[in-house]
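The block underneath contains the structure these notes are about, expressed in structure tokens.
This structure is a prediction, so every number in the text was calculated from the model and none was measured.
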Amino acid sequence: MRVSCRKCRAGETKAPTLDALYLLSFMRTVILILALLAAFRVAPAQTSNPQQLFVDGVQAQRRGDFQSAIRDYQEFLKLRPNNLEAEVNLGAALAHEGQFDDAIVLYRSALSKAPGNKGVLLNLALAYYKKGDFPAALEQFAPLHEQQPDNAQVAILLADTDTRLGNPAEAVRVLSPLEDKNSENSDFEYALGSALISSGQRREGIARIEKVAKRENSADAYLLAGSTLLDLNEFARGRDDLEIALRLNPQLPGIYSFVGTARDNTGDLKGAEAAFRQALKINADDFTANLYLGAMLSKRRELQEAKGYLEHALQLNPSSSMARYEFAMQESLSGQYEAALRDLQAVAKADPNWLEPHVELANLYYRLHQPQEGAKERQIVQEISAKQQAKSPQNP
């Protein structure tokens, strides 16, 4: 008897035969193998064509894709170890990405193949310089400068390294002979101006820094010129430079404290207070802002608020005679005469030729009924005043 198949009559597919199942399983296996091969396949350029890897690395480096350049050069060097050009290019890409130690290893390897190569020496010096290892950078820049005494780039880098290492006079010696030919080079003038300022030739340095500031509209240069002018007590001119620096870049480190100091010393107390308060919003540990704002509040008899800022200034710099003097003044105004006396005595001992502490000490001694000590301080005040009078420009 034939058994009818309802599934077949309903249009359903017949069950696959055993051969068909084997074929299907085989095809699936082949597809899986091909997929795995595709997943782990290495591009032909990475295995069979090292030169293409090098070209790809150069192109990636030129368009600013340094990570791709690093990978390409590293793969190339696996296939062509000790290739000088690839080592130098890879070093440059690594240095750009801040991997200075790895770059230095590559540059030194390149130098072992090409001793004295000026380009590699310069790259090595720059890697040390950017890393912040200035003694090692100096070791590379110095011989380069001897080989190329007229090379302005090398001279600038050598001079800046000397200045950072606390040898600004040497930096001036390096740069001065080249200034006539590089007076329009802003990097050169900035390096020379900075070295002059650091070596104590501040007015000569300011002249060059202000020239750069105006030529380049440089906030950094205006800040350096302005802050140096404050040190020379040229407050109005210093304020002009500092206000420009603030307008150009309000994110400059310390700019509000410098501007506040300039405003305070040119009579703009309201503007100074605003600047100091802004400085403290940015950095609550700004010593200058704490000191000046505390002193301003103390003079206005806002003694409790003043005390907080002055105490913090002393915590930040316990050796500061100015901070201790202003704190003593706050104590005196608050009626803490004994404490003020002790602090003023410490200030006078640390800086015996500073007039104001002796004036305040004399007043405190009389207030505390110590007239003999008060008389001694008045005598000291007269002696210091006479010396200052003798040094005054009006006197020959």
Side-chain angles (χ1 to χ4, degrees), residues 166 200 202 227-228 230-233 235 238 254 256-258 260-265 267 269 272-273 275-277 279-280 283-392:
R202 290 182 289 186
S227 60
T228 306
L230 294 188
D231 290 339
L232 294 171
N233 295 328
F235 299 113
Y256 283 100
S257 284
F258 283 119
T261 302
R263 289 174 179 174
D264 180 71
N265 283 282
L269 301 183
E273 181 177 350
F276 290 132
R277 290 191 182 279
L280 291 172
N283 177 16
D285 291 335
D286 185 315
F287 169 75
T288 301
N290 277 285
L291 173 60
Y292 270 80
L293 183 56
M296 293 173 70
L297 292 168
S298 183
K299 288 181 177 66
R300 296 206 313 244
R301 300 297 196 275
E302 297 177 29
L303 300 176
Q304 194 58 39
E305 187 180 6
K307 181 181 179 181
Y309 290 117
L310 293 171
E311 279 183 338
H312 194 45
L314 268 175
Q315 290 169 359
L316 292 168
N317 188 358
S319 65
S320 169
S321 294
M322 180 62 76
R324 190 158 298 280
Y325 170 79
E326 292 295 349
F327 189 71
M329 295 303 297
Q330 183 273 337
E331 290 174 321
S332 180
L333 291 169
S334 300
Q336 302 173 58
Y337 302 128
E338 295 286 352
L341 183 67
R342 288 193 297 271
D343 281 325
L344 285 170
Q345 286 171 336
V347 173
K349 183 178 179 180
D351 191 352
N353 292 316
W354 185 7
L355 179 64
E356 283 76 7
H358 292 288
V359 172
E360 298 301 329
L361 275 171
N363 293 334
L364 275 174
Y365 278 127
Y366 283 111
R367 186 182 290 274
L368 291 169
H369 309 293
Q370 299 180 42
Q372 290 183 337
E373 296 298 327
K376 289 179 183 178
E377 289 298 326
R378 283 190 174 177
Q379 180 62 35
I380 293 172
V381 168
Q382 292 174 359
E383 291 172 359
I384 294 174
S385 297
K387 289 178 183 178
Q388 291 179 349
Q389 185 79 20
K391 291 180 180 179
S392 175

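Among all heavy-atom pairs drawn from S332 and L364, the shortest one is OG-CD2, 3.9 Å. Scanning all heavy atoms of the two residues, the minimum distance from M322 to L291 falls at CG-CD2, 3.6 Å. Taking both residues in full, the closest heavy atoms of S319 and N317 are given as OG-OD1, 2.9 Å, listed atom of the first, atom of the second, then distance. Considering every non-hydrogen atom in both A279 and S257, the closest pair reads CB-OG, 3.6 Å. Closest approach of A272 and D264 over heavy atoms only: CB-N, 3.6 Å.
Interatomic distance, I384 CD1 to E377 CD, rounded to the nearest 0.5 Å: 8.5 Å. Q330 CD to R301 CZ: the interatomic distance, rounded to the nearest 0.5 Å, is 11.0 Å. Taken to the nearest 0.5 Å, the CD atom of E273 stands 6.0 Å off from the CG atom of L297.
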Would E326 and M296 count as a side chain to side chain contact (heavy atoms under 4.5 Å, CB included) if you check the C-alpha gap in whole Å, the side-chain angles of each, and the deciding distance to 0.1 Å? CA-CA 10 Å; E326 292 295 349; M296 293 173 70; over 6 Å; no

Should F235 and L230 be marked as a side chain to side chain contact (heavy atoms under 4.5 Å, CB included) after you check the CA-CA gap, both sets of side-chain angles, and the distance that decides it? CA-CA 5 Å; F235 299 113; L230 294 188; 3.8 Å; yes

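Residues meeting the ring pair (Phe, Tyr, Trp, His ring centres under 6.0 Å) test with F276, sequence neighbours left out: Y292. For Y337, the side chain to side chain donor-acceptor pair (under 3.5 Å) partners are R367, not counting sequence neighbours. For T261, the side chain to side chain donor-acceptor pair (under 3.5 Å) test picks out no residue, with sequence neighbours left out. Shown here are the side chain to side chain donor-acceptor pair (under 3.5 Å) partners of N290, two or more places apart in sequence or in another chain: there are none. Shown here are the salt bridge (charged side-chain N to carboxylate O under 4.0 Å, His left out) partners of E383, two or more places apart in sequence or in another chain: there are none.
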Hey, can you pull the donor-acceptor pairs under 3.5 Å for the side chains in residues 338-355, sequence neighbours left out?
residue : atom : partner : partner atom : Å
D343    : OD1  : R324    : NH1          : 3.0
Q345    : NE2  : Y365    : OH           : 2.8
W354    : NE1  : E356    : OE1          : 2.9

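For the pair H312 and F287, the minimum side-chain heavy-atom distance is 4.5 Å or more.
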